[in-house]
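The structure under discussion appears below in the form of structure tokens.
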Amino acid sequence: MDVTRTVDVLVIGAGPAGLAAAIAAREDGIGSLLVLERENAPGGILRQCIHNGFGLHRFKEELTGPEYAQRDIDRAVELGIEIRCGVTVLSVGADRTVTCVSPEGFQRLCAKAIVLAMGCRERPRGALGTPGTRPAGIYSAGTAQKFVNLMGLMPGRRCVILGSGDIGLIMARRMTLQGAKVLACVELMPYSSGLNRNIVQCLQDYNIPLYLSHTVTDIHGRERLTGVTVAKVDENRRPIPGTEIEFDCDTLLLSVGLIPENELTRGAGAEISPATSGAVVSDSLETTVPGIFACGNVLHVHDLVDHVSNESARAGHAAAAYARSGERAAEYWPVLDGDGVRGTVPQRIGKGGGSEVSLMFRPAGVFRKAACVVRCGGREIARQRAPIFTPGEMAVVRLPKETVAALDGPVTVEIERS
Amino acid sequence: MQTDILIIGAGVVGCALARVLSRYEADIVVAEAGPDVASGATRANSGIVHAGFDAKPGSLKAVLNVRGAGMYPQLSQELGFPYRQCGALVLGFTPEDEEVLHLLLEQGKANGVPGVCLLGREEVLRLEPNTNPDVRLALYAPTSGITSPYEAAYAMADHAAVNGVRFLFGSRITGVRRGDDGLWHARLGGTEIVCRILVNCAGMGSAEIHNSLCSEPLRLIPRRGQYHLLDRTAELPFSRTMFQCPTRMGKGVLVSPTVHGNLLLGPSAEDIEDADDTATTADVLSAVLETCRLTWPGASVRGGITNFAGIRAHEEKGDFVIGAVPGQPGAYETVGIESPGLSAAPAIAEMLGAQIAADFGLAPKARVLPPVPMAKRFAEMTDEERARAVAEDPAYGRVVCRCEVVTEAEIRQAIRRPVGAASIDAVKRRTRAGMGRCQGGFCSPRVAEILSEELCIPLTQVTKFGGGSRLLTGTLRQDGEEAVL
């Protein structure tokens with residue numbers, strides 16, 4: 001099929017990442033710009049995140065998800081950015097041709113640069129291999145959030161939440177406020193993967209017990225869920241016999257991790273990092289495929305949307321520059337995960353680059369009074385102390401442009417315990 | 001309710017038989033206890049169309065398996081359900097296994113299985129390089145195939161319905177008796193279905209019906225099989241069905257591609273008490289994985305998208321029981337249809353259908369309607385076909401399930417089929433919406449909305465699989481009270 005339209009920059013996804021990337025590209029003077037969104041409205045997952053707490057870093061005020069999204073939507077509209085909703089992208093080629101479909105028709109497009117901003121999805125029950133029956137009443141926390149916040153429907157009345165990711169914590173409070181009884185939040189690890197403020201504001205404030213080092217070991221009920229068995233786990237995360245607790249509940253919400261949604265990225269032939277499940281990118285957020293960039297939760301799962309917006313603006317600027325010049329770094333220094341560090345982004349830094357680089361990663365455990373140390377060829381090039389590093393919060397280390405310009409070997413990021 | 005023929009059970013055997021009998025001048029009702037076609041053993045099994053070397057020569061299992069397997073290629077073409085003749089290997093790792101394989105080869109030849117032969121270690125590793133290199137010998141059966149058992153049953157049910165067969169769901173027959181009028185009276189709730197011809201295809205429930213009619217009792221043991229299902233990947237480790245040597249409990253654990261490109265590991269074989277207990281258990285699931293490592297040392301459930309269990313109806317004496325119920329004219333039965341029941345189903349229906357038609361002198365219909373064509377899946381269309389599909393029906397332009405690329409048009413079609421989907425799981429099995437790696441996280445709210453629109457029911461009445469499996473417990477509370485529906 002023939003290409004029906006060619007644009008300079010194509011952005012896939014109009015959530016916070018796609019919007020920020022598109023705005024940045026337009027601000028850099030890209031006129032030929034198109035954003036494709038599969039839902040019927042822009043805003044991404046923020047549309048269903050009606051709680052507050054968004055935008056503290058970026059706007060210095062506390063916004064709800066829809067409010068945060070609206071600021072970017074308003075800016076995009078002001079800039080005259082074309083956002084086409086209800087369009088699903090079916091494939092992205094290494095040659096930057098894209099096929100997509102909407103009720104208006106099937107189309108093949110071509111772009112000089114593409115920004116991937118498709119976000120992530122939730123890990124389902126099957127990925128955990130939890131045994132038991134398969135009744136109605138088991139949802140991922142985000143699905144339940146959609147039912148409650150966008151559709152006005154209650155998925156259940158007595159809930160157990162497995163996993164203490166942020167969406168699970170938020171839903172514990174949301175279900176409680178809607179009159180449901182949340183019996184417990186059960187976390188496999190000895191620490192929560194959610195933000196501390198959510199543990200306090202969503203569980204403690206409502207007296208919802210958090211069971212750390214516990215998991216759901218059995219699921220009961222033939223038609224609708226009637227209960228779950230929860231057991232304590234040992235240090236190898238294996239259930240300890242004799243520690244079982246039975247919960248009588250009609251709903252199990254899963255908040256057991258997010259997975260970047262990279263089917264299109266894989267299809268384009270971009271290398272995927274096993275640590276982040278997102279694309280391997282350079283400091284300009286370019287994947288291993290020339291002219292294809294990635295940002296936001298499709299690249300790596302963020303903690304705060306503010307970080308998503310900042311990162312995505314950088315991707316938008318980089319895509320604009322590539323669309324103009326077609327230039328990219330010829331060689332790269334790898335960025336490697338050291339002790340206590342998992343999934344540093346970017347995974348490589350262009351040789352001879354002269355811009356500041358933010359290294360972002362998730363600590364591999366909880367570290368108190370530790371420092372994040374960045375080394376290049378055995379030499380320490382950056383150090384950042386923090387009272388605590390936890391997997392729930394993204395750690396960021398900035399390398400000033402002089403440091404980046406002076407790189408002369410592979411870069412390693414590690415947590416140093418004092 | 002009055003009818004000529006009552007078929008009890010809408011599993012693959014009941015549906016295949018309904019389709020065969022729908023070619024005759026007769027009013028036919030299929031009463032199914034579950035909420036949909038394929039609610040029992042047909043829903044959860046390996047989906048293998050066996051070549052036919054396992055069963056003892058001369059047994060009904062052997063004859064009907066080989067005949068049935070031979071019917072699948074054409075049947076799947078005609079009805080539009082997925083089937084692929086991928087071939088199978090039975091692996092031997094010990095000298096005892098080698099003896100078994102020689103025996104299977106002889107059985108296969110005696111049963112008339114085309115092309116069975118033995119392959120040495122090198123040849124096996126050449127065909128399937130991920131096989132455990134300790135393999136010594138393997139039986140190769142090129143005609144072994146894979147299908148989607150419930151899709152086969154849906155397709156047969158649809159074709160039967162097009163030709164006038166009525167399907168009743170949630171309709172458990174609780175007893176049968178011969179009335180003073182000489183007709184069969186089947187109890188259904190507070191009412192009865194009265195018929196001339198009664199056919200018991202009730203799967204796990206078939207022994208109970210048999211025993212109420214017959215002085216020679218049959219006993220069925222619910223044999224549970226647990227499986228791991230892994231995500232589709234670009235390259236599966238095996239392109240054929242990989243068996244280990246059969247045991248007393250069945251064909252053993254297999255590793256096989258599915259027709260949809262997933263990888264299936266299982267089943268276990270546990271004799272249990274409760275025929276409805278399709279729960280999975282942690283110890284058995286890990287034992288299944290461990291057993292699979294003999295076939296595939298790299299076996300791992302990383303990439304697992306779900307686990308599930310199905311129940312096979314194992315008859316103590318071991319062969320199918322098919323035909324007229326002794327001493328009960330007008331009553332027929334298919335009992336103990338465990339593996340290779342799926343493979344044999346078309347042949348069982350052909351044989352039993354012919355017997356019933358002959359016994360009652362049923363007249364063939366002057367005109368038998370063809371099946372409602374199954375539209376090609378959007379996910380499998382070429383770009384040109386996609387463009388045409390959207391131009392004809394804009395609902396093809398709305399992708400509902402992003403993992404399996406299923407469109408709104410396909411979901412609406414599935415609900416509007418002759419035996420249409422009426423629940424989330426029914427849509428899932430017919431369209432694959434929700435079958436993918438997110439397991440319906442994104443699409444199930446939208447599928448629920450479409451079901452609500454198409455079936456004209458409130459969203460709060462949409463179920464996962466009928467009965468009490470409601471998705472939602474109510475709407476958000478209004479005026480301080482939660483509105484409970």
Side-chain angles (χ1 to χ4, degrees), chain A residues 1 38 86-88 90-91 99 101-108 118 121-140 142-143 146-148 150-158 178-180 217-224 239 250-251 254 259 261 263 266, chain B residues 226 228-229 234 276-285 301 303-308 378 383-384 386-391 394-399 402-403 405 407 424 437-442 444-445 448-449 459-460 463-477 481-482:
Chain A
M1 282 204 53
R38 60 186 153 204
V87 181
T88 303
L90 300 168
S91 71
T99 62
V101 70
S102 77
E104 280 76 54
F106 178 90
Q107 246 194 324
R108 182 181 285 274
M118 294 87 72
R121 62 163 173 266
E122 298 175 276
R123 271 178 88 202
R125 172 188 176 186
L128 310 177
T130 312
T133 56
R134 291 166 298 286
I138 303 172
Y139 298 103
S140 67
T143 306
K146 183 172 185 180
F147 275 128
V148 176
L150 293 184
M151 299 169 79
L153 298 164
M154 279 299 275
R157 340 181 116 258
R158 287 177 68 82
Q178 283 303 331
T217 55
D218 206 355
I219 290 172
H220 314 289
R222 293 273 162 88
E223 295 189 322
R224 178 80 195 194
D250 64 9
T251 309
L254 305 177
I259 305 166
E261 201 160 65
E263 280 65 37
R266 280 196 190 87
Chain B
Q226 303 190 29
H228 296 276
L229 186 70
D276 294 321
D277 185 5
T278 55
T280 55
T281 57
D283 52 336
V284 173
L285 284 171
V301 286
I305 55 176
T306 192
N307 58 62
F308 64 90
F378 186 79
D383 289 353
E384 286 72 18
R386 286 174 172 174
R388 267 201 304 279
V390 183
Y396 270 109
R398 285 188 281 270
V399 175
R402 55 178 80 163
C403 303
V405 200
T407 63
I424 297 279
R437 49 190 72 96
C438 94
Q439 290 284 291
F442 281 115
S444 56
E449 281 181 334
L459 261 169
T460 45
T463 63
K464 188 169 186 290
F465 47 81
S469 67
R470 290 214 181 158
L471 290 190
L472 301 158
T473 53
T475 57
L476 291 203
R477 69 180 158 178
E481 274 300 309
E482 191 175 334

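Residue numbering restarts at 1 for every chain, and letters A, B, ... go by the order of the sequence lines. As a basis for the values below, the full set of heavy atoms in this structure was taken, side chains included, without hydrogen atoms, waters or symmetry mates. Worth saying up front: this structure is predicted, and the values here are computed from it rather than measured.
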Handout entry: A:F106 backbone acceptor or donor facing B:Y396 side chain under 3.5 Å
Key = no
Practice task
Measure the OG1-CZ distance between B:T473 and A:F147 for me, rounded to the nearest 0.5 Å.
Solution key: 10.5 Å
Completion exercise
Minimal heavy-atom distance between B:G441 and A:S140, with the atoms involved, is CA-OG, 4.4 Å
Handout entry: Contacting moiety of B:A282, where chain A heavy atoms sit under 4.5 Å
Key = both
Problem - Taking every non-hydrogen atom, the tightest pair across A:E223 and B:G468 - result: OE1-N, 2.9 Å
Handout entry: chain A interface, residue from B:R388, B:R398, B:R386 that has the most non-hydrogen pairs under 4.5 Å
Key = B:R386
Practice task
Looking only at non-hydrogen atoms, find the nearest pair between B:A279 and A:T133 and report the distance.
Solution key: CB-CG2, 3.6 Å
Fill in the blank from the handout: Interface check, chain A: of B:C438, B:G467, B:P445, most non-hydrogen pairs under 4.5 Å belong to B:P445
Problem - Contact origin within B:F308 toward chain A - heavy atom pairs under 4.5 Å - result: both
Practice task
Could you have a look at A:P135, A:G132, A:A136 and say which one has the most heavy-atom pairs with chain B under 4.5 angstrom?
Solution key: A:G132
Practice task
Using atom types as modelled and distance alone, determine if a side-chain donor or acceptor of B:S469 lies under 3.5 Å from a backbone N or O of A:R224.
Solution key: no
Completion exercise
Looking only at A:P103, A:P124, A:G86, the option with the highest number of non-hydrogen pairs under 4.5 Å against chain B is A:P103
Handout entry: From CA spacing to verdict: side chain to side chain contact (heavy atoms under 4.5 Å, CB included), A:M154, B:L476
Key = CA-CA 6 Å; A:M154 279 299 275; B:L476 291 203; 3.6 Å; yes
Practice task
Give the member of A:V148, A:D250, A:T99 that has the highest number of heavy-atom pairs under 4.5 Å with chain B.
Solution key: A:V148
Completion exercise
chain A shares the most heavy-atom pairs under 4.5 Å, among B:V399, B:T281, B:T306, with B:V399
Handout entry: Region of A:R108 in contact with chain B, defined by heavy-atom distances below 4.5 Å
Key = side chain
Exercise for the section: Find out whether B:D277 and A:R222 are in side-chain contact, i.e. whether some heavy atom of one side chain is under 4.5 Å from a heavy atom of the other. Expected result: yes
Handout entry: Contacting moiety of A:V87, where chain B heavy atoms sit under 4.5 Å
Key = neither
Problem - chain A contact via B:T278 - which portion, at a heavy-atom distance below 4.5 Å - result: both
Exercise for the section: Please name the pair of heavy atoms, one in B:L285 and one in A:P131, separated by the smallest distance, quoted to 0.1 Å. Expected result: CD1-CB, 4.3 Å
Practice task
Answer with side chain, backbone, both or neither: which region of B:V301 has an atom nearer than 4.5 Å to a non-hydrogen atom of chain A?
Solution key: neither
Handout entry: Among B:D276, B:D383, B:V390, residue most engaged with chain A (heavy-atom pairs, under 4.5 Å)
Key = B:D383
Completion exercise
Shortest non-hydrogen pair, B:S444 vs A:T143, comes out as OG-CG2, 4.1 Å
Exercise for the section: Evaluate salt bridge (Lys or Arg N to Asp or Glu O under 4.0 Å) for A:E263 paired with B:R402, printing each intermediate quantity in order. Expected result: CA-CA 10 Å; A:E263 280 65 37; B:R402 55 178 80 163; over 6 Å; no
Completion exercise
chain A shares the most heavy-atom pairs under 4.5 Å, among B:R437, B:Q226, B:E384, with B:R437
Problem - Engaged part of B:E449 at the chain A interface, taking heavy atoms whose separation is under 4.5 Å - result: side chain
Completion exercise
Turns out that what part of A:T130 lies under 4.5 Å from chain B's heavy atoms comes down to backbone
Problem - Separation of A:E122 CD from B:Q439 CD (nearest 0.5 Å) - result: 13.0 Å
Handout entry: Contact class of A:R38 relative to chain B, heavy atoms under 4.5 angstrom
Key = side chain
Problem - Under 4.5 Å from a heavy atom of chain A, the part of B:F442 involved - result: both
Fill in the blank from the handout: Looking only at A:R121, A:R134, A:R123, A:K146, most heavy-atom pairs under 4.5 Å shared with chain B are made by A:R134
Practice task
Would you mind checking which part of A:E261 comes under 4.5 Å of any heavy atom in chain B, side chain (CB onward), backbone (N, CA, C, O), both or neither?
Solution key: side chain
Handout entry: Engaged part of A:L90 at the chain B interface, taking heavy atoms whose separation is under 4.5 Å
Key = side chain
Practice task
With a 4.5 angstrom heavy-atom cut-off, could you sort out which part of B:L471 is near chain A: side chain, backbone, both or neither?
Solution key: both
